[in-house]
Undergrad: 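There's a structure below that I have some questions on.
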Amino acid sequence: MLDIQFIREQSSRVKDAIRNKHAGEEDLVDQVLEADEANRSLTTRMQETQSAANQAARDIGRLMKEGLKDEANSAIEESGRLKATVKELEESQRVAQNALDELLLEIPNVPHESVPIGHSPDENVVAFEFGDLPTFSFPILPHWELTEKLGLVDFDRGSKVAGAGFPFYVGWGARLQRALINYFLDAAGTAGYTEIQAPLVVNADSARGTGQLPDKEDLMYEAVRDGLYLIPTAEIPVTNLHRDEIFSADDLPIRYSAYTPCFRREAGSYGKDVRGLNRLHQFDKVELVHFVTPKNSYDALEELRTHVENLLQELKLPYRRLLMCTGDMGFTQSKKYDLEVWSAGQERWLEVSSISNFEAFQARRMKIRYRPEDGSKAQILHTINGSGLALPRIVAALLENNQQADGSISVPDVLIPYLGADSIS
RNA sequence: GGAGGGGUGGCAGAGUCUGGUUGAAUGCACUGGUCUUGAAAACCAGCAUACCUUCACGGGUAUCGUGGGUUCGAAUCCCACCCCCUCCGCCA
């Protein structure tokens, strides 16, 4: 959610954002301004009437004490009339407020000035590439054949027991998951992140806070009877951890890492995109979240990005960094990087991390604030998050890129102590 | 799941029975000042959040877990819901 005051003062920038993000009609901004105007004039009228009613009620108390019965009675009558008006005005003000709030939820975040303007994924900027693409002297296999040959992942029984997209990891496959999770958490710990274990379900308020509701409702599994959603990312519980809180400047930055399974309905995807480990309904991810002061948020974004890129470099996976253009970056972000690893068996790039600065957009919804100085007014802080990392596609790339002529998989040095083996066969 | 108790400002804690200048006593913490070589102590003052209005000074509204209700007037009375605590039961 944007600051209404910002929209009032910089409506043309907000219109630019809507146009460049393809996030609806620019006309929305004018609707917001009108709704805001209407809401404020109603609020003023309502408060003036309330003020008069309060004054009348106070007079009654005083007149009663002084024993001026007649005056008290006429004041009671007057107060009754005012009360009826207040009730009407309250109702219309509430309607106006709701109308404004709903419109505000449709206004996207404004992209940072460094974000390229573009329409489609083609206009994302490849900002960095690491590593040489591997070459092989023998025919190579995609990971879904490797996992089957080596008995690492059982997709079919997963389908039987839960459904497509809910695989079993078996033996070394399961151990590889655990090794990666531990490696990622340890690396985050060394980098100063506080490790979190979070609830795997959240309520509607939390989903609204990070922006999954109302527009991305179809993404989430819902426990209807209990009003709970299975988390599609640890971002939701971890960011909402500090909903409605006020920090002092000394408390910041706060940096959390959290491993959780993630659940995504992913309605509407098909074909090679969902083959094997490429896209699952349940997958494991370590998420990194920063709470920072506004002036530090872009430095923090780069810091988080560097940390995640180091993980990929340690894993010796060729990857590229995309700076997402306005048209492909999503509703809530101000700036977003995607990291993609090379998948040799599929000869394509797979997204394994998405790293974003939300500026105040999420924090405003959640009322997460800080005081720049003791006694000063509380301000909305900035939130940043990124995957560090999502497992399935990392596993796919590790298997495909490190396959050997004899059918085994070599394990990158950094994982050997975690896995307890230097090769999987 | 059964029975009982409770949710008040950064924290602690009055006020609720007996509705009326109570946005809320008091203490602690915090900020500024006096004093002091400096500090402590003492003393004085300030110290919730959001919104509306005003060029500004200021004025106003709402908020005592949440939402409704009664009343001229609700932290205080009534209803529903949420959360916490104690005891019993069940259980990894």
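As the structure is a computational prediction, the values presented were derived from the model and not from experiment. Labels below follow one simple rule: chain letters A, B, ... track the order of the sequence lines, proteins then strands, and each chain is numbered from 1.
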Undergrad: Between B/C79 and B/U61, how far is it from one P atom to the other, in whole Å?
TA: 30 Å
Undergrad: In a table with atom names and distances, give each donor-acceptor pair under 3.5 Å that connects a side chain of residues 187-195 of chain A to protein atoms at least two apart or in another chain.
TA:
| from | atom 1 | to | atom 2 | distance (Å) |
| --- | --- | --- | --- | --- |
| A/T190 | OG1 | A/D186 | O | 3.0 |
| A/Y193 | OH | A/H290 | NE2 | 2.7 |

Undergrad: Using a cut-off of under 3.5 Å, enumerate the N/O to N/O pairs linking the protein to nucleotides 47-53 of chain B.
TA:
| from | atom 1 | to | atom 2 | distance (Å) |
| --- | --- | --- | --- | --- |
| B/U49 | OP1 | A/R371 | NH1 | 2.9 |
| B/U49 | O3' | A/R369 | NH1 | 3.1 |
| B/A50 | OP1 | A/R369 | NH1 | 3.1 |
| B/C52 | OP1 | A/R8 | NH2 | 3.4 |
| B/C52 | O2' | A/T44 | OG1 | 2.5 |

Undergrad: How far, in whole Å, is B/G23 from B/A74 if one measures between their C1' atoms?
TA: 14 Å
Undergrad: Counting only heavy atoms and a strict 4.0 angstrom limit, can you tell me which residues of residues 194-207 of chain A come near RNA chain B?
TA: none
Undergrad: Under the rule for salt bridge (charged side-chain N to carboxylate O under 4.0 Å, His left out), what residues qualify as partners of A/R94, not counting sequence neighbours?
TA: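 In terms of salt bridge (charged side-chain N to carboxylate O under 4.0 Å, His left out), with neighbours along the sequence ignored, A/R94 is linked to A/E91.
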Undergrad: Using the P atom on both, measure B/A29 against B/G20 and round to a whole Å.
TA: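 Taking atom P in both B/A29 and B/G20, they lie 33 Å apart.
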Undergrad: Name the pairing partner of B/A50, where a pair is Watson-Crick or G-U wobble with both distances under 3.5 Å, or state none.
TA: B/U61
Undergrad: Side chains of A/P111 and A/M329: does their closest heavy-atom pair fall under 4.5 Å?
TA: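 SC-SC contact between A/P111 and A/M329 confirmed.
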Undergrad: Where does the angle between the aromatic ring planes of A/Y418 and A/Y183 fall among parallel (under 30°), tilted (30 to 60°) and perpendicular (over 60°)?
TA: tilted
Undergrad: Tell me, do A/L339 and A/L322 make a side-chain contact under 4.5 Å, heavy atoms counted?
TA: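 Result no, sub-4.5 Å side-chain heavy-atom pair not found.
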Undergrad: Using side chain to side chain contact (heavy atoms under 4.5 Å, CB included) as the criterion, list what pairs up with A/S12, not counting sequence neighbours.
TA: none
Undergrad: With a 3.5 angstrom cut-off on both distances, give the Watson-Crick or G-U wobble partner of B/G4, or none if there isn't one.
TA: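 WC or wobble partner is B/C85.
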Undergrad: Can you check the distance between B/G69 and B/A48, where both ends of the measurement are the C1' atom (answer in whole Å)?
TA: 28 Å
Undergrad: Between A/R45 and A/E48, is there a side-chain N and carboxylate O pair less than 4.0 Å apart?
TA: no
Undergrad: Should A/I18 and A/V29 count as side-chain neighbours, where that means a heavy-atom distance under 4.5 Å?
TA: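 Yes. Closest side-chain heavy atoms under 4.5 Å.
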Undergrad: Below 3.5 Å between N/O atoms, which protein atoms pair up with nucleotides 66-68 of chain B? Just atom names and distances, please.
TA:
| from | atom 1 | to | atom 2 | distance (Å) |
| --- | --- | --- | --- | --- |
| B/G68 | OP1 | A/R94 | NH1 | 3.1 |

Undergrad: Provide the full list of ring-ring contact (aromatic ring centres under 6.0 Å, His included) pairs with a residue in residues 4-31 of chain A, sequence neighbours left out, each pair given once.
TA: A/H22-A/H119
Undergrad: According to side chain to side chain contact (heavy atoms under 4.5 Å, CB included), who are the partners of A/E302, at least two apart in sequence or on a separate chain?
TA: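 Result, side chain to side chain contact (heavy atoms under 4.5 Å, CB included) vs A/E302: A/R305, A/K335, A/Y337.
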Undergrad: Mind checking whether A/L141 and A/Q403 have side chains closer than 4.5 Å, heavy atoms only?
TA: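 Yes; the side chains approach each other to less than 4.5 Å.
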Undergrad: Say we look at B/C44 and B/C81: how far apart would their P atoms be, to the nearest angstrom?
TA: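 Nearest-Å result for B/C44 against B/C81 at atom P: 50 Å.
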Undergrad: In whole angstrom, what separates A/K87's NZ from B/U61's C1'?
TA: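 From A/K87 NZ to B/U61 C1': 18 Å.
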Undergrad: Searching all strands shown, indicate the nucleotide that pairs with B/U37 (Watson-Crick or G-U wobble; both distances under 3.5 Å).
TA: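 By the stated definition (distances under 3.5 Å), nothing pairs with B/U37.
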Undergrad: Who is the Watson-Crick or G-U wobble partner of B/G19, with both distances under 3.5 Å?
TA: none
Undergrad: Whether A/N54 contacts B/G60 is assessed here as follows: a side-chain N or O lying under 4.0 Å from the phosphate OP1 or OP2. Is that the case?
TA: no
Undergrad: Can you find a side-chain donor-acceptor pair between A/S334 and A/N109 that sits under 3.5 Å?
TA: yes
Undergrad: Quote, to the nearest angstrom, the C1' distance that separates B/G89 from B/C30.
TA: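 Looking at atom C1' only, B/G89 and B/C30 are 48 Å apart.
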Undergrad: State which residues pass salt bridge (charged side-chain N to carboxylate O under 4.0 Å, His left out) with A/D16; sequence neighbours excluded, sorted by chain then number.
TA: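 For A/D16 the salt bridge (charged side-chain N to carboxylate O under 4.0 Å, His left out) partners, ignoring immediate neighbours, are A/R19.
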Undergrad: Between B/G7 and B/U70, how far apart are the two C1' atoms, rounded to whole Å?
TA: 23 Å
Undergrad: What distance, rounded to whole Å, do you find between the two C1' atoms, one in B/A75 and one in B/G13?
TA: 15 Å
Undergrad: Expressed as a whole number of angstroms, how long is the span from A/Q97:CD to B/U61:C1'?
TA: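 Between C1' of B/U61 and CD of A/Q97: 13 Å.
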Undergrad: Any base atoms under 4.0 Å from A/D59, or only sugar-phosphate, or nothing? Heavy atoms, all strands.
TA: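 Nothing, no heavy atom under 4.0 Å.
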Undergrad: Could you go over nucleotides 71-81 of chain B and give all protein N or O partners under 3.5 Å, atom names and distances?
TA:
| from | atom 1 | to | atom 2 | distance (Å) |
| --- | --- | --- | --- | --- |
| B/C72 | O2' | A/S79 | OG | 2.0 |

Undergrad: Of all residues at least two apart in sequence or in a different chain, which pass the side chain to side chain contact (heavy atoms under 4.5 Å, CB included) check with A/R208?
TA: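 Scan of A/R208 (side chain to side chain contact (heavy atoms under 4.5 Å, CB included), adjacent residues dropped) gives A/A204, A/D205, A/L213.
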Undergrad: Can you list the residues that meet the side chain to side chain contact (heavy atoms under 4.5 Å, CB included) rule with A/E37, with sequence neighbours excluded?
TA: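 Counting only residues at least two positions away or on another chain, A/E37 forms a side chain to side chain contact (heavy atoms under 4.5 Å, CB included) with A/R40.
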